[in-house]
Every structure is written in C-alpha cells, then in structure tokens.
Amino acid sequence: MQKSDSKAQAVTMAYSSHYTEDIWREETLPEFKEVLLSAGFQPQDRKIYVMYHGTTYAAARAIMSSGFQQSKDGMLGRGVYVSRDVNKAKRYPLDDKTDQVVLKLRVNVGKVIMINYQGHPLQKKWHSYGYDTAWVPAGCGMVESRLEEDCVWDPKRIKVMGIAYWSPELQLK
C-alpha cells in the first residue's frame with residue numbers, strides 16, 4: 001500500500017465507522033437529481049449540490065464522527081462555510097497547509113439568497129428572513145480570493161461524502 005493510500009484510509013476510517021446515511025425528503029422524489037453545478041452559476045432553491053470544506057485533519061475527523069458545527073460568526077454571520085469551488089476550500093486552514101484536508105460534501109441548500117456586496121442589508125441576518133443558505137458569487141468583491149463561497153445555516157443540511165484532497169505533507173496524528 002502506498003503512503004498516500006494509507007493516509008486516505010486513515011482519514012476515512014472515522015468517516016466510514018461513524019457516519020450513517022440519512023435520506024433527505026427531496027431525494028425520495030421521482031424528479032430528484034443531484035446537481036453538479038460549477039461555482040460560476042447561481043445555486044437554485046431546494047437543490048442538492050456537491051460542495052467542499054477545507055479544514056485541519058483533527059477537525060475533519062471530528063466533523064466525520066460528530067457532524068458540522070455552526071461557526072459563531074464570519075463574513076455572512078453564523079453557519080457552516082462551504083464552496084462549490086474546490087480551490088476555495090483548498091485555501092483552508094489559513095495558517096498551516098501541511099495539516100489540510102478538504103471534505104467532499106452533499107449540501108441541501110434549501111432557500112438561497114445571493115449576498116453580492118459588502119454591507120448588504122441581509123449580510124449577517126439572512127437566516128432571520130427565511131433563507132437556509134447565503135451565496136457569495138465569485139468575483140463580486142466580497143472575498144479576497146474572488147472565489148465563490150456559501151454559508152449554510154443548519155449543519156444537518158450537509159453530508160460528508162468523503163475526502164477530496166489532503167496535503168501531501170500531512171502527518172497523521
């Protein structure tokens with residue numbers, strides 16, 4: 001077994017041993033299709049998209065065993081920050097790229113609002129107005145990287161599918 005294969009196996013052990021697949025109501029509908037929508041297009045309400053989340057190895061293991069936790073604050077307020085652009089997820093964690101795992105996710109976006117400029121009246125209170133996900137389009141000037149970003153209010157709208165990427169220097173702990 002190659003070193004990279006053993007890393008993948010170790011990283012996914014927590015995922016496979018603790019994660020149980022739940023079915024969202026939308027997945028039982030005859031017209032259901034999982035959508036692979038590139039980051040350049042606006043997400044549509046009530047769709048399920050493949051997205052990514054970059055984090056540390058320890059945090060990835062915790063997420064895979066216990067699920068996501070809402071952040072206390074951020075550019076869009078509370079929620080879980082994800083992106084349909086794997087390159088956006090690869091920017092995290094900001095401080096140590098040698099301890100990096102990018103999780104591949106399925107995200108049930110629910111009702112989506114576009115927040116496309118700093119100071120948007122709903123920038124941090126979109127959820128109070130009935131939205132489940134806030135979407136920042138690529139290139140709108142809100143994100144330094146100019147890449148697409150989403151904030152999902154309810155962590156139960158996110159399912160981990162597996163590992164999309166891990167840093168080659170990752171030292172398993």
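Starting from 1, each residue takes its place in the sequence as its number.
Around atom NZ of K97, more than 12 heavy atoms belonging to other residues, nucleotides or ligands sit under 6.0 Å away. Within a 6.0 Å radius of CD in Q118, other residues, nucleotides and ligands contribute more than 12 heavy atoms.
Interatomic distance, OG1 of T55 versus CD1 of I63, reported as 5.0 Å (0.5 Å rounding). Summarising the geometry, atom OG belonging to S145 is positioned 9.5 Å from atom CG belonging to N87; distances are rounded to the nearest 0.5 Å. Atom CE of M51 sits about 8.5 Å away from atom CD1 of I158, to the nearest 0.5 Å. Separating the CG atom in N108 from the CZ atom in R46 is a distance of 10.5 Å, to the nearest 0.5 Å.
Salt-bridge formation is not detected for the pair K88/E148: no Lys NZ or Arg NE/NH1/NH2 atom is positioned less than 4.0 Å from an Asp or Glu carboxylate oxygen.
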Practice item. For side-chain contact (heavy atoms from CB on, under 4.5 Å), just list the numbers for M64 and I163, CA-CA rounded to whole Å, side-chain angles, deciding distance to a tenth of an Å, and then say yes or no. Key: CA-CA 10 Å; M64 290 187 289; I163 306 300; 4.0 Å; yes
Exercise for review: Show the numbers, then the answer: is there a side-chain contact (heavy atoms from CB on, under 4.5 Å) between E149 and M75?
Suggested key: CA-CA 10 Å; E149 188 163 347; M75 174 183 64; 4.0 Å; yes
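Note on V160: it clusters hydrophobically with V109, by side-chain heavy-atom contacts below 4.5 Å among ILVMFWY residues. Cluster annotation: M114 is not connected to L76 through the hydrophobic network of ILVMFWY side chains, with a link wherever side-chain heavy atoms come within less than 4.5 Å. Follow the hydrophobic side-chain contacts under 4.5 Å out from I48 and you never reach W153; the two are in separate clusters. Both Y81 and Y131 belong to a common hydrophobic cluster when Ile, Leu, Val, Met, Phe, Trp and Tyr are linked at side-chain heavy-atom distances under 4.5 angstrom. V107 and L103 fall within the same hydrophobic cluster, defined by Ile, Leu, Val, Met, Phe, Trp and Tyr side-chain heavy atoms under 4.5 Å apart, directly or through other members.
Shortest non-hydrogen contact noted between P137 and C140 is O-SG, 3.3 Å. Shortest non-hydrogen contact noted between P93 and T56 is CG-CG2, 3.8 Å. Looking at every heavy atom in both residues, Q70 comes nearest to P155 through N-CG, 4.0 Å. Listed here is the closest heavy atom pair of W135 and R84: NE1-NH2, 3.1 Å. When all heavy atoms are compared, the tightest approach of K124 to G77 is CG-N, 3.8 Å. Nearest heavy-atom pair, I113 versus W126, reported as atom, atom and distance to 0.1 Å: CG2-CB, 3.8 Å.
Side-chain contact between M142 and Q123: present, with at least one pair of heavy atoms (C-beta onward) separated by less than 4.5 Å. When side chains are defined from C-beta on, D132 does not count as touching V112, because their heavy atoms never get closer than 4.5 Å. No side-chain heavy atom of R61 sits under 4.5 Å from any side-chain heavy atom of V101. You'll find the side chain of D85 stays beyond 4.5 Å of the side chain of R91, heavy atoms only. A 4.5 Å side-chain heavy-atom check between L105 and F68 finds at least one atom pair inside the cut-off. Within the 4.5 Å cutoff, side-chain heavy atoms of Q44 are placed close to those of Y49. Using a 4.5 Å cut-off on side-chain heavy atoms (C-beta onward), D150 and P43 make contact. A heavy-atom distance below 4.5 Å is not found between the side chains of Y129 and K111.
Contacts of V86 classified as side chain to side chain contact (heavy atoms under 4.5 Å, CB included), with partners at least two apart in sequence or in another chain: Y52, K90, V102. A search for side chain to side chain donor-acceptor pair (under 3.5 Å) contacts involving Q100 returns nothing, not counting sequence neighbours.
Clustering of Ile, Leu, Val, Met, Phe, Trp and Tyr by side-chain heavy atoms under 4.5 Å joins L94 with Y92.
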